[in-house]
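Worksheet: the structure to be examined is printed underneath.
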Amino acid sequence: MMHVPHVMQRKRNSSAAPPTPAPTPRRNDDAAAKAKGAPSLLPPGRMASIRTARGQAADLASSYCLPGVPVALKLTLLSFVGFAALVVLTAKGRHAHWRFRHVRGPLMPEPSLHGKIARDMARSAAERRDGGEDAPGPHASSRMRDTPSRFVDSEKALKRQLQRLLDLQNQEKRGKKKAGDGTVLGVKIANRYLGEDMLPYPLSKGDEKEWEMKMERRKADLKRQDAQEWDAMMREYDEVMADHVEMNERVDHELGADEGGPRHASPPGGGGGGDAGGDGGPILPPPGSARWPSPSRKAGDGTTILLEPAFGSHRPGSNAVLAFAEGYDLSIYLAFVESLRATDYDGDVVFSISVESRLRPGVRDYLRSVRPGPDGRGINVVAYEVEWTCFTQKGEPADGSREGMHPCRMDGAFGGGRGGAEAVDDPREPRPVATARYELYWIWSLRYRRTSWLMLIDARDVWFQLDPFAELMERGDVNGELHLFGENADAVRIGTSDYNRKWLTTAYGRKAIEPFLEEPVICSGSTIGNQDAIETYLRAMVAEYDATLCKQKGCDQGFHNYLYYSKKLDPAGGGAEGISSLTVHEQGRGIINNLGALRTKPLREWGMYDPERALVLNWDGSTSRVAHQMDRDKEVNAMIKLRKKEFEQKLKT
């Protein structure tokens, strides 16, 4: 007797309805197949287990899945339940879409767009409407349809070419064309338009190899063409976005917003420092790269930059000269700033100076007085005061850096904790300030745009004769360029210089530097580049110290030369992100003229100094824009001292 579910039994007992007729026996497909003589592919035992499992599944379905309800009705109910669930799950998105289409005006821009771009889009749409053009909508306008597209046109041309191949193959199949070596059936095809002069398929099966070689050459040409077009498009995009950024920054400035850069954190209670308007709160620095991480990362993830100007404020869109200038008297600053001012330089000068308690008389007042004119043009001085904790070589506390001989620690530059506003200890071991200055330069470089030109220069022995960036600015906005400046190759090489050889050997070992011993020395005290290239270079310099822990004064020049000669900075190697062009200028043939190695006779005899005009010259007789290490020559040094006295007298009056 067949088992009847207990639910149906209770219903039958409590109802006066006539007894339910005996259910029709389930069809046994296996039995029917056997009855018809169809052979079974499974052994009898396996067939019995399958029939038992099917019976149990049918019993469960009839007991718990709406017993007594026809299958068609069950499917209908399931469809309604699924549709209701879909309506509930998509209600929020559909509501937002309806509000955007019906509540927002058709000419209103997306809310995520920046104000200036959004206004331009709305104005363009209004002009199209006033001019009788198609209104914006879900369909393509006539102007959109008429706009040429190389991609779309190429796809259409490819389709036409492949259609011709299909016609040839159909003719061959119908016997209208002979088969054999000249067959086009089964030939390879290209999935890209290769031009009207080259079909995307060979003319016959026998021409496939020759066609493949031609196709690979054509693809390489098209790849280069695509790369050139992409670069041109990106340059155009950068120009457009630069205009938008400039407009937005100008609007922000008019509204009184901070001009120091967009990467500020928001710590509790605000931030800032300095008595003349710091640039505002902790900065969230960029992460850098795996090879050269941000110097702040050594203090931990999420570390901020707390160091703010003591006075002055950066101008992000300007060029800047960066110099470590601690411990000097007023005459050094006068020679630096006034010689630069005489060139009509219009940009920032960023100094690291001693804290006020150690500052020489008159320095602070003079630097604070150097400000742009009413029209916003002229030199703008930004000064940082860093509190160094220095030690003797034996590790005992020392009073000052002793002109870089004592290792020092730079505390308070980085922040952590809530909002990144709590000062943290220097994450690096004490090192010479000449090495630590590259961390300062990196912090300062973040305040400028990537197309700004930045110069890293020694402060004590430099004399400006022409605007250092004028030649570079004539080429318009560029980025990614890095310029290094060598010392005289005839006078000194790495292998012949005891100092340079010692610094490199201490940092990297004799074996690592042997390939470089015959190379000219490149001066680490004079470097120029766009902000993006300089920022990358500075991360690399700090990373070299972290890797070598070379603490001798002068090891920074070893890092500088090793980075270049080991090709770590080479853009062709792909490892120097941010640097697209790297140039090393020979001594006397670039913007900065490094004179320190020319000591065997006076510069006048070398033809590098004109005493009548009091000018340092390049080898071709042109005026050196920047004379570096000029104090090694007695005649030039005497001229500079005389000019310093003139500056001091003018300052007093």
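Just so it is clear, the structure is predicted and the values come from calculations on it, not from any experiment. Residue numbers start at 1 and run along the sequence shown.
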Does atom CD of Glu635 have more than 12 heavy-atom neighbours, drawn from other residues, nucleotides or ligands, at distances under 6.0 Å? yes

Does the side chain of Trp619 come under 3.5 Å of the side chain of Gln587 through a donor N or O and an acceptor N or O? yes

Side-chain donor-acceptor pair present, Thr451, Asp477, cut-off under 3.5 Å: no

Taking atom CZ of Arg364 and atom CD of Glu356, what is their separation to the nearest 0.5 Å? 4.0 Å

Just checking, is any N or O donor in the side chain of Glu544 or Tyr508 under 3.5 Å from an acceptor N or O on the other one? yes

Shortest non-hydrogen separation from Gly327 to Ser354 and the atoms involved: N-OG, 3.0 Å

Which pairs pass side chain to side chain donor-acceptor pair (under 3.5 Å) with one or both residues in residues 374-383, sequence neighbours excluded? Asp346-Arg377, Asp348-Asn380

Show your working on side chain to side chain donor-acceptor pair (under 3.5 Å) between Asn530 and Asn479 and close with a plain yes or no. CA-CA 5 Å; Asn530 294 115; Asn479 64 280; over 6 Å; no

Apply side chain to side chain donor-acceptor pair (under 3.5 Å) to residues Ser352 and Glu326 and explain how you reach the verdict. CA-CA 6 Å; Ser352 174; Glu326 295 193 19; 2.7 Å; yes

Please determine, by modelled atom types, if Asn593 and His628 share a side-chain donor-acceptor pair under 3.5 angstrom. no

Taking every heavy atom of Leu334 against every heavy atom of Glu648, the minimum-distance pair comes out as CD1-CG, 3.3 Å

Regarding Glu487 and Arg632, does a basic nitrogen lie under 4.0 Å from an acidic carboxylate oxygen? no

Answer yes if the ring centres of His560 and Tyr537 are under 6.0 angstrom apart, and no otherwise. yes

Does a sphere of radius 6.0 Å around NZ in Lys650 hold more than 12 heavy atoms from other residues, nucleotides or ligands, not counting ones at 6.0 Å or beyond? no

Hey, are Asn594 and Ser526 close enough side-chain-wise for a donor-acceptor pair under 3.5 Å? yes

Testing the 3.5 Å rule here: is there a donor-acceptor pair between the side chains of Asp633 and Tyr609? no

Considering all heavy atoms of both residues, which atom of Val337 and which atom of Ile379 are nearest to each other, and what is their separation? O-CD1, 3.7 Å

Check ion pair Arg409-Glu429 (N to O, under 4.0 angstrom): no

Side chains of Ser445 and Glu535: any donor to acceptor distance under 3.5 Å? no

Taking NZ, NE, NH1 and NH2 as the nitrogens, is one of them in Arg625 or Glu471 under 4.0 Å from a carboxylate oxygen of the other? yes

Thinking salt bridges, do Asp426 and Arg431 make one under a 4.0 Å N-O criterion? yes

Are Ser624 and Asn618 linked by a side-chain donor-acceptor pair shorter than 3.5 Å? yes

Electrostatic pair Glu439-Arg428, nearest N-O below 4.0 angstrom: yes

If we ignore angles and hydrogens, is there a donor and acceptor under 3.5 Å between the side chains of Glu481 and Trp453? no

Is the cationic atom of Arg368 (NZ for Lys, CZ for Arg) positioned less than 6.0 Å from the six-membered ring centroid of Phe311 and within 45 degrees of its normal? yes

